[in-house]
Chemist: 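First the structure, which I've put down as structure tokens, then a few questions once you've had a look.
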Amino acid sequence: MAEVVLENISKSFGNLKAVDDISMTIPNGAFVVLLGPTGAGKTTTLRLISGLEKLDSGTVHIAGRDVGIDTPAQRDVAMVFQQYSLYPHMTVRENLSFPLRSPILKTPEDEITRKVNEVSEILQIPHKLDNKATELSGGEMQRVSIGRALVRDPQIFLMDEPLSSLDAKLRADLRVELKRIQADLGSTLLYVTHDQVEAMTMATHIGVLENGRLVQYGTPRDIYENPGSVYVASRLGLPRINILPSGLFEGDHKGPQIGLRPENIIEGEGSEARVIRAEHLGDQTRLHLDLNDHPVVTLIDVHQDYPSGKVIKIRPHNPLYFDASGARVN
Ligand SMILES: Nc1ncnc2c1ncn2[C@@H]1O[C@H](COP(=O)(O)OP(=O)(O)OP(=O)(O)O)[C@@H](O)[C@H]1O
């Protein structure tokens with residue numbers, strides 16, 4: 001496992017800057033999550049590190065070595081894609097063994113058997129080991145794809161939404177397993193996801209991408225509590241942070257836009273808001289409000305009754321402030 005350092009890396013497709021001057025260090029043993037909407041440049045960043053895509057400019061160092069001219073195989077990275085990439089004519093066991101049989105690794109047979117069995121247990125597919133890859137469901141194929149990476153001991157794992165095609169229960173199980181494996185082995189991992197829960201629970205660091213640029217890089221807590229912009233603040237937190245004109249609330253304000261997460265809204269005093277509806281999600285209840293023609297979403301006590309049309313009062317508590325362009329000001 002190794003530290004990976006990106007220095008000023010860029011990649012364009014025609015006129016489009018898919019990755020725009022990104023510099024970041026992925027520390028040895030870190031679990032780094034890249035967050036950003038579709039098209040932000042997450043997959044291209046992974047492909048540049050793996051060598052599947054060629055850099056326009058900048059450098060990638062893996063374990064202190066510039067890998068600029070190395071092939072993907074020479075870089076010794078293990079990549080898991082969103083779409084499964086298995087050998088269809090091979091069994092699950094053969095698919096999982098394949099990476100270990102490379103002439104470079106020369107893994108002994110008993111070691112291959114041990115690794116394949118261990119990984120199939122983790123991924124809950126030991127009963128499918130002798131099935132052909134074509135005889136698996138989509139979720140099973142995806143687990144075998146993850147397994148093909150996990151049997152190896154690469155410099156870095158690069159994973160592109162590896163859990164997105166799985167059902168909620170399996171996703172939750174594998175989230176815990178992946179984090180455990182990474183922590184046990186001290187693996188270095190760069191992981192792309194749209195799923196906030198995955199990002200908050202697994203990451204040691206989060207990098208937020210916007211139009212090919214890295215706009216913030218820090219711990220999950222830092223990104224949540226100290227976002228540098230409306231854009232970053234909107235990446236984490238469910239329901240999403242409410243961004244409103246500050247003038248909707250009385251008092252002095254540090255900027256023209258106020259950012260309110262549910263924990264920043266105090267009920268019972270302040271500005272009047274009308275209840276649109278309460279959404280009962282089981283473990284939480286979301287309250288949709290209309291505040292002077294601005295929608296506001298917050299959380300309320302599960303047991304309280306909020307009929308539509310009821311008027312309540314709300315006021316900010318320790319809010320975030322942003323300027324007109326969306327940059328943080330407090
Ligand atoms: N081979 C390519 N040729 C042309 N344009 C490309 C190519 N690969 C990516 N792009 C463009 O580069 C931009 C970044 O794409 P990328 O796949 O890195 O985004 P992403 O953040 O991973 O998005 P998603 O969440 O949808 O996977 C997009 O606008 C995409 O259309």
Side-chain angles (χ1 to χ4, degrees), residues 4-26 30-60 62 67-68 70-72 75 77-85 138-139 141-143 145-146 149 156-166 168 171 174-175 178 188-203 205-218 220 223 227-238 240 326:
V4 175
V5 181
L6 313 181
E7 267 176 332
N8 307 104
I9 65 167
S10 292
K11 176 74 187 178
S12 295
F13 298 105
N15 289 333
L16 182 101
K17 277 216 153 180
V19 169
D20 189 1
D21 199 25
I22 289 182
S23 296
M24 73 193 289
T25 295
I26 301 154
F31 195 129
V32 177
V33 167
L34 290 182
L35 274 184
T38 180
K42 306 180 295 296
T43 301
T44 306
T45 304
L46 293 197
R47 290 173 60 84
L48 288 169
I49 298 171
S50 69
L52 292 173
E53 210 72 72
K54 209 169 151 290
L55 290 165
D56 290 344
S57 56
T59 57
V60 174
I62 299 180
V67 296
D70 290 3
T71 62
R75 293 184 190 202
V77 302
M79 189 145 175
V80 182
F81 299 95
Q82 215 169 338
Q83 312 87 338
Y84 23 87
S85 46
M141 287 194 214
Q142 185 58 2
R143 276 177 276 164
S145 303
I146 297 171
I156 183 169
F157 290 106
L158 302 170
M159 299 197 180
D160 194 352
E161 300 203 52
L163 307 183
S164 61
S165 65
L166 306 177
R171 211 160 58 222
L174 291 190
R175 201 164 67 214
L178 263 186
T188 310
L189 216 145
L190 184 61
Y191 189 100
V192 167
T193 183
H194 283 106
D195 185 324
Q196 300 197 20
V197 180
E198 281 181 18
M200 288 300 279
T201 55
M202 298 200 289
H205 306 62
I206 292 178
V208 181
L209 297 189
E210 180 179 16
N211 295 328
R213 301 188 73 91
L214 180 70
V215 288
Q216 198 164 339
Y217 187 43
I223 301 283
S229 64
V230 167
Y231 179 88
V232 174
S234 305
R235 298 293 120 207
L236 291 178
L238 278 173
R240 253 156 82 127

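Just so we're clear, the structure is a prediction, and the values are computed from it rather than from any experiment. Order of appearance sets the numbers: ligands from 1, and atoms from 1 within every ligand.
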Chemist: For D56, check salt bridge (charged side-chain N to carboxylate O under 4.0 Å, His left out) against everything at least two apart and list the hits.
Modeler: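 With sequence neighbours excluded, D56 shows a salt bridge (charged side-chain N to carboxylate O under 4.0 Å, His left out) to K11, given in chain and number order.
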Chemist: Using the side-chain contact (heavy atoms from CB on, under 4.5 Å) definition, which of the options T43, I49, T44 pairs with R47?
Modeler: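 Testing each of T43, I49, T44 against R47, the sole residue satisfying side-chain contact (heavy atoms from CB on, under 4.5 Å) is T43.
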Chemist: Going by distance alone, is a donor N or O of one side chain under 3.5 Å from an acceptor N or O of the other, for T193 and E198?
Modeler: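 Side-chain D/A pair, T193 to E198: present.
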Chemist: Are more than 12 heavy atoms from other residues, nucleotides or ligands located less than 6.0 Å from atom CG of D70?
Modeler: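 Check passes, neighbour count above 12.
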Chemist: As a test of reading the model: which residues have a non-hydrogen atom less than 4.0 Å away from ligand 1?
Modeler: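 Under the 4.0 Å cut-off, ligand 1 touches F13, L16, A18, P37, T38, G39, A40, G41, K42, T43, T44, H194.
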Chemist: T25 side chain to V5 main-chain N or O, any donor-acceptor pair under 3.5 Å?
Modeler: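 Here the side-chain-to-backbone pair does not exist.
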Chemist: Please identify which of these residues, L35, L238, T201, meets the side-chain contact (heavy atoms from CB on, under 4.5 Å) condition with Q196.
Modeler: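 In the set L35, L238, T201, the residue that makes a side-chain contact (heavy atoms from CB on, under 4.5 Å) with Q196 is L238.
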